[in-house]
Amino acid sequence: MVSRVLLPAVALAGVLLSVAMVLLGLPEATPAQSVLLELSSLPLSVSVAVGVVMLHLRASRPVGRRSRMVLIGGGAAAALGLVVMIWAYGVGPRGLVHGGQLLVWLGLLAALLVMLRRQPRRRMTRFSLAPDDESDEADEAAADPERDPSL
């Protein structure tokens with residue numbers, strides 16, 4: 001029950017925080033505003049990660065060997081991206097921040113694809129008209145001028 005309220009609230013808070021960071025950093029006149037713009041995608045990535053967790057809780061199919069490998073690779077890419085971003089702000093060139101963000105998003109994309117694959121399949125209902133053999137013969141008989149001289 002807590003996850004039904006808490007997880008969407010965290011996802012919404014991440015989106016709102018990201019929008020606020022963009023709005024505050026938009027003029028990019030000070031170094032702090034530049035940092036806000038550079039890091040504004042992190043709350044969005046937290047929101048996507050919460051969405052992945054929500055899909056995981058809803059999944060009906062088990063995680064297979066290939067899916068587990070994709071999840072491990074995606075987690076490693078996201079972790080490496082976070083390390084690259086921390087390193088870029090600590091000692092490295094700040095241009096690496098965007099590469100780190102790319103790695104985080106690629107890791108989240110991998111996890112999202114696995115979780116979408118694990119979702120329950122929806123039944124498809126196909127509507128069609130079954131041919132009625134008796135009515136087809138009656139239509140053909142009524143249209144035959146040799147059988148019905150009134151035509």
**Message:** As an exercise, state the distance from CZ of R118 to CG of L55, rounded to the nearest 0.5 Å.
**Reply:** 9.5 Å
**Item:** Closest non-hydrogen atom pair, L57 against L7
**Value:** CD1-CD1, 3.8 Å
Which donor-acceptor pairs under 3.5 Å do the side chains of residues 12-30 make with protein atoms, sequence neighbours left out?
from	atom 1	to	atom 2	distance (Å)
S18	OG	S40	O	2.6
T30	OG1	Q33	N	3.3

**Message:** Quick check: do L108 and W105 have side-chain heavy atoms less than 4.5 Å from each other?
**Reply:** yes
**Request:** Let me know which of V84, L96, L39 forms a side-chain contact (heavy atoms from CB on, under 4.5 Å) with Y89.
**Result:** L39
**Request:** State, with a plain yes or no, whether a side-chain heavy atom of S45 is found less than 4.5 Å away from one of Q101.
**Result:** no
**Item:** Same apolar cluster (I L V M F W Y, side chains within < 4.5 Å links), L106/L112
**Value:** no
**Prompt:** What is the minimum heavy-atom distance between V63 and R68, and which atoms define it?
**Reply:** O-NH2, 3.3 Å
**Message:** Would you say CZ of R117 has more than 12 non-hydrogen atoms from neighbouring residues, nucleotides or ligands within 6.0 angstrom?
**Reply:** no
**Asked** Got a sec, which residues hit salt bridge (Lys or Arg N to Asp or Glu O under 4.0 Å) with R94, two or more places apart in sequence or on another chain?
**Response** E38
**Heavy-atom closest pair, residues A77 and L103** = O-CB, 3.4 Å
**Message:** Restricting to non-hydrogen atoms, name the atom on A110 and the atom on G74 that form the minimum distance, rounded to 0.1 Å.
**Reply:** CB-CA, 4.1 Å
**Co-membership, hydrophobic cluster, residues V70 and M115, 4.5 Å side-chain** = yes
**Complete:** d(L80 CG, M85 CE) to nearest 0.5 Å is 10.5 Å
**Message:** For a side-chain contact (heavy atoms from CB on, under 4.5 Å) check, start with the C-alpha distance between V114 and V52, then their side-chain angles and the critical distance, and finish with the verdict.
**Reply:** CA-CA 9 Å; V114 168; V52 168; over 6 Å; no
**Prompt:** Do you reckon V35 sits in the same ILVMFWY cluster as L44, going by side-chain contacts under 4.5 Å, direct or chained?
**Reply:** yes
**Request:** Side-chain contact test, heavy atoms from C-beta onward, threshold under 4.5 Å: evaluate it for L109 versus V48 and give yes or no.
**Result:** no
